[in-house]
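Report on the following structure.
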Amino acid sequence: MKWLLVLLPLFAYSQTITLTPIGNQDVIGIPVTVEHFVNYVPNHAISSVAYTALGTTGTSVGLSDDSNVGPFPIGFSFEFYGQTFTQFRICTNGFITFGDQSGRYSPGSFPEAAAPNGVIAAYWTDLFPSSGYYTNYRTEGTAPNRKLVVSAHLTYYSNRNAWVDYQIVLFEGTNKVHTTITSQGWTTTATQGVENHQGTLAATPPGRNLSSFNGAGTTFEYTPMALVQGWESQGTKNTN
């Protein structure tokens with residue numbers, strides 16, 4: 001005899017199923033096919049939106065070469081790939097993270113397991129905080145429609161005479177993300193987009209995943225898709 005055992009979701013708790021024998025029925029060694037109902041965390045939809053330069057004022061953040069500093073307050077609860085955060089970190093090399101402390105300067109191809117993970121990259125490449133640079137962040141607006149604005153003005157490590165300006169914006173409630181390259185004084189290989197916390201899922205604008213591009217004056221919007229529910233097999237187990 002083969003049984004099908006269906007487990008309904010109980011958040012993160014494990015479940016113990018007890019089989020009670022009827023009469024002399026032996027319940028040891030019965031093969032049971034186990035399935036459970038899960039919420040799959042999906043990816044983000046990407047769209048190009050009208051470029052709107054926002055102000056660059058805010059709390060100043062000091063950076064050094066290849067540093068990843070923080071954490072800093074977002075100002076509201078922000079959900080990113082199924083996890084909720086109230087703090088973030090800033091890396092010199094054009095991205096922010098939600099806990100990952102990587103200062104990696106060489107851009108990777110999203111998605112990849114190597115750090116950084118749980119990342120939003122406006123312009124991930126080897127940047128440098130030359131004299132006159134700034135990195136600022138601020139939370140503006142009123143609940144439930146606040147937004148976090150991160151602004152940066154940095155040079156390239158290999159070209160200290162060229163500057164790049166970018167912004168990353170997080171939106172309360174919708175959990176949308178904007179990445180903007182305000183100006184770009186040099187073209188080199190870079191990556192733009194969002195990647196999940198395991199490095200297994202990512203969304204990148206066309207032509208901006210470990211590519212050479214000039215994105216000055218462009219903004220991309222990343223909208224989290226709805227959770228996908230479904231049955232997931234856990235294989236066949238023998239009862240004990």
Side-chain angles (χ1 to χ4, degrees), residues 9-12 38-63 67-92 94-102 110 116-124 134-154 165-182 192-198 201-205 215 217-229:
L10 289 177
F11 304 100
V38 296
N39 290 323
Y40 293 95
V41 177
N43 210 345
H44 290 70
I46 301 179
S47 60
S48 177
V49 298
Y51 163 71
T52 303
L54 302 176
T56 59
T57 59
T59 301
S60 178
V61 175
L63 297 174
S67 62
N68 183 317
V69 297
F72 306 107
I74 296 174
F76 49 86
S77 294
F78 182 78
E79 184 176 311
F80 187 67
Y81 280 107
Q83 297 184 34
T84 301
F85 299 91
T86 58
Q87 296 179 317
F88 73 104
R89 302 180 65 88
I90 299 175
C91 179
T92 306
F95 60 84
I96 69 171
T97 62
F98 297 95
D100 193 311
Q101 299 184 26
S102 172
F110 283 163
N117 299 131
V119 58
I120 298 173
Y123 190 67
W124 178 16
Y134 64 76
T135 304
N136 300 327
Y137 73 91
R138 71 180 186 276
T139 302
E140 63 181 36
T142 57
N145 299 304
R146 291 167 290 190
K147 57 187 176 184
L148 170 73
V149 181
V150 180
S151 306
H153 176 65
L154 299 157
D165 292 78
Y166 73 79
Q167 290 188 318
I168 295 173
V169 184
L170 309 184
F171 292 85
E172 182 180 21
T174 64
N175 299 307
K176 290 182 178 181
V177 175
H178 281 185
T179 59
T180 296
I181 300 175
T182 309
Q192 186 178 72
V194 297
E195 184 192 59
N196 72 357
H197 311 288
Q198 296 78 35
L201 192 64
T204 59
T218 61
T219 300
F220 283 92
E221 180 175 89
Y222 307 79
T223 302
M225 300 177 184
L227 291 175
V228 178
Q229 297 180 324

*Would Phe171 and His178 count as a side-chain contact (heavy atoms from CB on, under 4.5 Å) if you check the C-alpha gap in whole Å, the side-chain angles of each, and the deciding distance to 0.1 Å?*
CA-CA 8 Å; Phe171 292 85; His178 281 185; 3.6 Å; yes
*Walk me through it: do Glu140 and Lys147 pass the test salt bridge (Lys or Arg N to Asp or Glu O under 4.0 Å)?*
CA-CA 6 Å; Glu140 63 181 36; Lys147 57 187 176 184; 3.6 Å; yes
*Using the side-chain contact (heavy atoms from CB on, under 4.5 Å) rule, take Leu154 and Tyr134 through it: C-alpha gap first, then chi angles, then the decisive distance, then the call.*
CA-CA 7 Å; Leu154 299 157; Tyr134 64 76; over 6 Å; no
*asked:* Run the side-chain contact (heavy atoms from CB on, under 4.5 Å) test on Phe78 and Phe98 for me, step by step, so that the C-alpha distance in whole Å, both residues' side-chain angles and the decisive distance to 0.1 Å come before the verdict.
replied: CA-CA 10 Å; Phe78 182 78; Phe98 297 95; 4.0 Å; yes
*Check step by step if side-chain contact (heavy atoms from CB on, under 4.5 Å) holds for Val150 and Ile90.*
CA-CA 9 Å; Val150 180; Ile90 299 175; 4.1 Å; yes
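Considering every non-hydrogen atom in both Ala203 and Asn43, the closest pair reads CB-OD1, 3.7 Å. Pro73 approaches Phe88 most closely through the heavy-atom pair O-CE2, 3.7 Å. Residues Ser102 and Cys91 approach most closely at O-SG, 3.9 Å, considering heavy atoms. For Ala45 against Met225, the heavy-atom pair with the smallest separation is N-CE, 3.8 Å.
Side chains of Thr180 and Thr219: a donor on one and an acceptor on the other come within 3.5 Å. Looking only at atom types and distance, the side chain of Glu172 has no donor-acceptor partner in the side chain of Asn145 under 3.5 Å away. Between the side chains of Ser67 and Thr92, at least one donor-acceptor pair of N or O atoms lies under 3.5 Å. Defined by atom type and a distance below 3.5 Å, a donor-acceptor pair is missing between the side-chain atoms of His197 and Asn117. Thr179 and Tyr222 are linked by a side-chain donor-acceptor pair at a separation below 3.5 angstrom, with hydrogens and angles left out of the test.
Checking side-chain atoms of Thr139 against main-chain N and O of Ile74 turns up a donor-acceptor pair under 3.5 Å. Side chain of Gln167 to main chain of Gly55: a donor-acceptor pair is present (N/O by atom type, distance under 3.5 Å, no hydrogens or angles).
Taking 4.5 Å as the limit, every side-chain heavy atom of Phe76 sits out of range of all side-chain heavy atoms of Thr86. Looking at Thr182 and Tyr166, their side chains never come closer than 4.5 Å, going by heavy atoms from C-beta outward. You'll find the side chain of Pro116 reaches within 4.5 Å of the side chain of Phe95, heavy atoms only. Using a 4.5 Å heavy-atom cutoff, the side chains of Thr59 and Phe72 are not in contact. Inter-residue side-chain proximity for Leu54 and Arg138 is flagged as met; some heavy-atom pair is nearer than 4.5 Å. Using a 4.5 Å heavy-atom threshold, the side chains of Asp100 and Arg89 count as separate.
The aromatic ring centres of His44 and Tyr81 sit less than 6.0 Å apart. In this structure, the ring of Trp124 has its center less than 6.0 angstrom from the ring center of Phe110.
When the options Asn175, Leu170, Ile120, Asn196 are evaluated for a side-chain contact (heavy atoms from CB on, under 4.5 Å) with Phe80, the one that passes is Ile120. Among Thr204, Ile181, Thr218, the single residue meeting the side-chain contact (heavy atoms from CB on, under 4.5 Å) criterion with Gln192 is Ile181.
With salt bridges taken as basic N to acidic carboxylate O contacts below 4.0 Å, one links Glu221 and Lys176.
To the nearest 0.5 Å, atom CZ of residue Phe220 and atom OG of residue Ser47 are 9.0 Å apart. In this structure, CG on Leu63 lies 4.0 Å from OG1 on Thr135, to the nearest 0.5 angstrom.
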